[in-house]
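First comes the structure, then the notes that go with it.
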Amino acid sequence: MKNQRKRRFFAVLIMCIFMFTLGTICSATADEDAAVLTIGAEESSVVTVGETEYDLADGDSALAYVDSYADNLEADPNFETNVNTAIDKVRESIPQYATFWALLAPIIAIVLALITKEVYSSLVIGIIVGGAIYAGGNFEGTLVHVVSDGFIANVADSYNMGILIFLILLGALVSMMNKAGGSAAFGRWATAHIKSRVGAQLATIALGVLIFIDDYFNCLTVGSVMRPVTDGHKISRAKLSYLIDATAAPVCIIAPISSWAAAVAGFANSAGAENGIALFIKAIPYNFYALLTIVMMIFLALTGLDFGPMKKHEKNAKETGDLFTSGTKQAIEEMEGNPKGRVCDLIVPIIILIVSCVIGMIYSGGFFSGESFIDAFSNSDASVGLAYGAFVAIILTVIFYLLRRVLSFKSIMESLPEGFKAMVPAIMILACAWTLKAMTDSLGAKIFISQLIEGSAAGFQALLPAIIFLIAVGLSFATGTSWGTFGILIPIVLSVFGAGEPITIVAISACMAGAVCGDHCSPISDTTIMASAGAQCDHINHVSTQLPYALTVAGVSAVSYIIAGFVPNWMIVLPIAFVLMIGTLLVIKAITKKKA
């Protein structure tokens with residue numbers, strides 16, 4: 001074991017030194033190339049887009065133009081010429097900007113995480129490599145970019161801070177529910193009423209589908225409620241985290257009233273669509289990845305099929321009662337509880353939390369200032385709304401427990417730091433993931449991917465939905481963000497196909513499905529991290545066991561988008577996709593049965 005750890009350590013160290021050196025060499029080479037670039041005539045360097053003026057001869061202004069890629073794509077008639085001029089100017093100071101090198105940092109982080117099973121060190125190495133490439137190998141520049149532009153800027157970001165506050169408050173709420181005995185009481189009730197592993201898995205899926213408002217909220221709430229149930233039926237934490245993750249983003253992306261629908265509608269509206277919500281609703285039947293993920297979960301639950309690393313985890317859970325198999329094992333404290341605890345001590349706080357978070361979200365969107373419910377949801381700020389809701393839920397739950405006399409005020413106060421400590425691993429991973437995304441963004445990864453799509457758009461439109469799906473998967477997987485993928489790809493899709501074309505709906509849906517798929521697979525995705533935290537599962541175990549399942553659905557989805565490119569009619573393509581999915585799972589079941 002010690003030798004294995006040493007090998008891992010030296011492999012990571014060598015990789016870090018190698019990539020740092022490689023980044024330095026390539027940056028130096030690119031510097032020589034960048035020295036010959038010219039902006040052109042000084043009088044033509046100023047570009048006006050709407051009310052904004054950009055001087056493409058100025059590095060900062062050129063970078064601002066490129067950062068507004070999605071907006072300028074629609075608004076600037078000379079976008080293609082101007083964006084290339086701006087990128088050339090930016091490359092004078094950041095030589096590897098908008099090249100394949102922009103994707104190197106997240107690729108290294110992901111590969112190292114899967115090989116070494118060490119998520120923190122892998123993320124930090126990826127961050128350092130990204131900072132080194134950005135700074136051209138300069139130590140001071142790397143340090144400043146990683147610490148100041150990376151960790152500090154992202155942790156201090158108001159949206160991210162709202163998510164961290166929500167995590168801490170939810171951790172405190174879960175700790176209170178455990179101390180009050182609500183989780184243990186619900187576990188006893190569920191064990192008496194849910195008689196089988198199949199029932200426990202279907203109940204988890206059903207609860208995940210019902211909580212469709214927001215993926216963060218879904219992950220942590222479903223995990224808190226269903227852990228006692230799945231533990232009682234010897235379902236591995238890896239399987240629970242898969243069910244949680246698969247009912248988070250994949251369900252939110254097909255729910256018209258959700259933070260995800262609001263985000264997609266906002267991106268579509270800003271890109272020139274007449275009605276973003278209407279476009280979102282029309283795209284739902286073509287969102288093959290989300291719909292087929294639900295089909296797969298139900299099939300796995302009903303048939304008992306497991307394959308890949310998940311099979312080992314489930315076998316250990318069933319035969320030995322080991323719910324973790326490997327990695328970090330967290331105490332199963334829910335099954336020990338306050339003897340005064342009742343089911344209502346879990347259900348009431350959860351209901352309060354749900355209602356408070358919904359009200360918080362529509363409040364942040366202006367519902368109480370005269371906006372309609374739909375408009376308020378579209379304009380809502382999820383991080384602020386969820387933080388409002390969790391704060392109110394904490395206060396009301398404290399009052400509820402004091403009135404019921406199941407907890408003393410001292411015990412309640414002790415729950416606050418305990419809940420915070422339980423969320424520290426998730427917070428650390430989120431901070432690193434956000435910083436890695438910042439490194440990737442600063443190197444223009446999204447611009448590089450966007451230009452790839454535009455370059456391939458002219459030749460084969462019928463295959464473009466499948467191509468867009470695969471590119472969205474890659475971008476979301478590498479950056480760990482589906483919303484960022486929407487933001488850059490949706491305007492490009494609308495500009496390539498036009499808002500009124502039938503194939504546009506298929507392409508928009510392919511963009512959304514691919515973004516969710518990449519987010520679902522990526523170890524640096526915040527939703528994946530939240531699912532691990534909600535199930536209290538080792539993060540790398542969750543990623544490695546989930547990956548074969550997600551890739552299976554992704555393969556069937558890609559084939560379905562090829563068909564939809566030629567036959568853009570969901571009433572024909574969706575049944576074919578369902579048949580392909582079930583047929584694929586039956587083949588996998590037959591193969592695994594033979595091997596057994």
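This structure is a prediction, so every number in the text was calculated from the model and none was measured.
Judged purely by atom type and a 3.5 angstrom limit, Glu371 has no side-chain atom pairing as donor or acceptor with the backbone of Gly365. For Ser175 (side chain) and Gly171 (main-chain N/O), no donor-acceptor pair under 3.5 Å exists by modelled atom type. Counting only distance, with no hydrogens or angles, the side chain of Tyr286 and the backbone of Trp570 share a donor-acceptor pair below 3.5 Å. A donor-acceptor pair is defined here as one N or O able to donate and one able to accept, closer than 3.5 Å; no such pair exists between the side chain of Ser482 and the backbone of Ala515. Thr52 places no side-chain N or O within donor-acceptor distance of the main-chain N or O of Thr48, the cut-off being under 3.5 Å. When atom types are taken as modelled, the side chain of Asn154 and the backbone of Gly150 share a donor-acceptor pair closer than 3.5 angstrom. Counting only distance, with no hydrogens or angles, the side chain of Ser476 and the backbone of Ala472 share no donor-acceptor pair below 3.5 Å. Between the side chain of Ser525 and the main chain of Ser522, no donor-acceptor pair closer than 3.5 Å is present. Of the possible polar contacts, one joining the Ser442 side chain to the Met439 backbone as a donor-acceptor pair under 3.5 Å is found. Not one N or O on the side chain of Ser509 forms a donor-acceptor pair closer than 3.5 Å with the backbone of Ile505.
Contact annotation: the side chain of Gln201 never approaches that of Met297 to less than 4.5 Å [non-hydrogen atoms, C-beta and beyond]. Residues Val384 and Tyr159 form no side-chain contact, since every pair of their non-hydrogen atoms from C-beta on lies 4.5 Å or further apart. Side-chain contact between Phe288 and Val573 is present, with heavy atoms from C-beta onward closer than 4.5 Å. Between Asp245 and Thr528, some side-chain heavy-atom pair lies under the 4.5 Å cut-off. Residues Leu574 and Leu291 have side chains in contact (heavy-atom distance under 4.5 Å, counting atoms from C-beta outward). Side chains of Leu402 and Leu407 form no contact here, defined as non-hydrogen atoms less than 4.5 Å apart. Considering only heavy atoms from C-beta on, Pro349 stays 4.5 Å or farther from Met176 through its side chain. Leu56 has its side chain out of reach of Ser61: every pair of non-hydrogen atoms, C-beta onward, lies at least 4.5 Å apart.
The local environment of CZ in Phe420 is sparse, with at most 12 non-hydrogen atoms from other residues, nucleotides or ligands closer than 6.0 Å. Other residues, nucleotides and ligands place no more than 12 heavy atoms under 6.0 Å from the CZ atom of Phe409. Environment of CZ in Phe578: crowded, with over 12 heavy atoms of neighbouring residues, nucleotides or ligands closer than 6.0 Å.
Scanning all heavy atoms of the two residues, the minimum distance from Phe469 to Tyr561 falls at CD1-CE1, 3.7 Å. Scanning all heavy atoms of the two residues, the minimum distance from Ala180 to Asp345 falls at O-OD2, 4.1 Å. Nearest heavy atom pair, residue Asn287 against residue Met512, reads ND2-CB, 4.1 Å. Minimum heavy-atom separation, Cys357 to Ala390: SG-N, 4.2 Å. Across every non-hydrogen atom of Val222 and Thr204, the tightest pair is CG1-CG2, 4.0 Å. Heavy atoms only, all atoms of each residue included: Ile254 and Pro250 are closest at CG1-O, 3.5 Å.
Between Ile244 atom CD1 and Ser241 atom OG the span is 6.5 Å, to the nearest 0.5 Å. Interatomic distance, Glu414 CD to Ile412 CD1, rounded to the nearest 0.5 Å: 10.5 Å. Taking CG of Leu396 as the start and CG of Leu173 as the end, the distance is 10.5 Å to the nearest 0.5 Å.
Judged as a ring pair (Phe, Tyr, Trp, His ring centres under 6.0 Å), and not counting sequence neighbours, the contacts of Tyr388 are Tyr363.
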- request: I would like to know whether Tyr54 and Val46 meet side chain to side chain contact (heavy atoms under 4.5 Å, CB included); could you show each step before the answer?
  value: CA-CA 6 Å; Tyr54 301 96; Val46 176; over 6 Å; no
query: Can Ile524 and Ile529 be said to form a side chain to side chain contact (heavy atoms under 4.5 Å, CB included), step by step?
result: CA-CA 7 Å; Ile524 60 173; Ile529 295 163; 5.7 Å; no
task: Go through the steps for Ile467 and Leu464 under the test side chain to side chain contact (heavy atoms under 4.5 Å, CB included), then give the verdict.
output: CA-CA 5 Å; Ile467 294 170; Leu464 269 182; 4.3 Å; yes
- request: Mind running side chain to side chain contact (heavy atoms under 4.5 Å, CB included) on Asp526 and Asp519 for me, showing each step along the way?
  value: CA-CA 8 Å; Asp526 44 8; Asp519 182 270; 4.2 Å; yes
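Of the candidates Tyr242, Tyr289, Tyr549, Tyr289 is the only one forming a side chain to side chain donor-acceptor pair (under 3.5 Å) with His520.
Remark: the Asp76 side chain and the Tyr65 side chain contain an N/O donor-acceptor pair separated by less than 3.5 Å.
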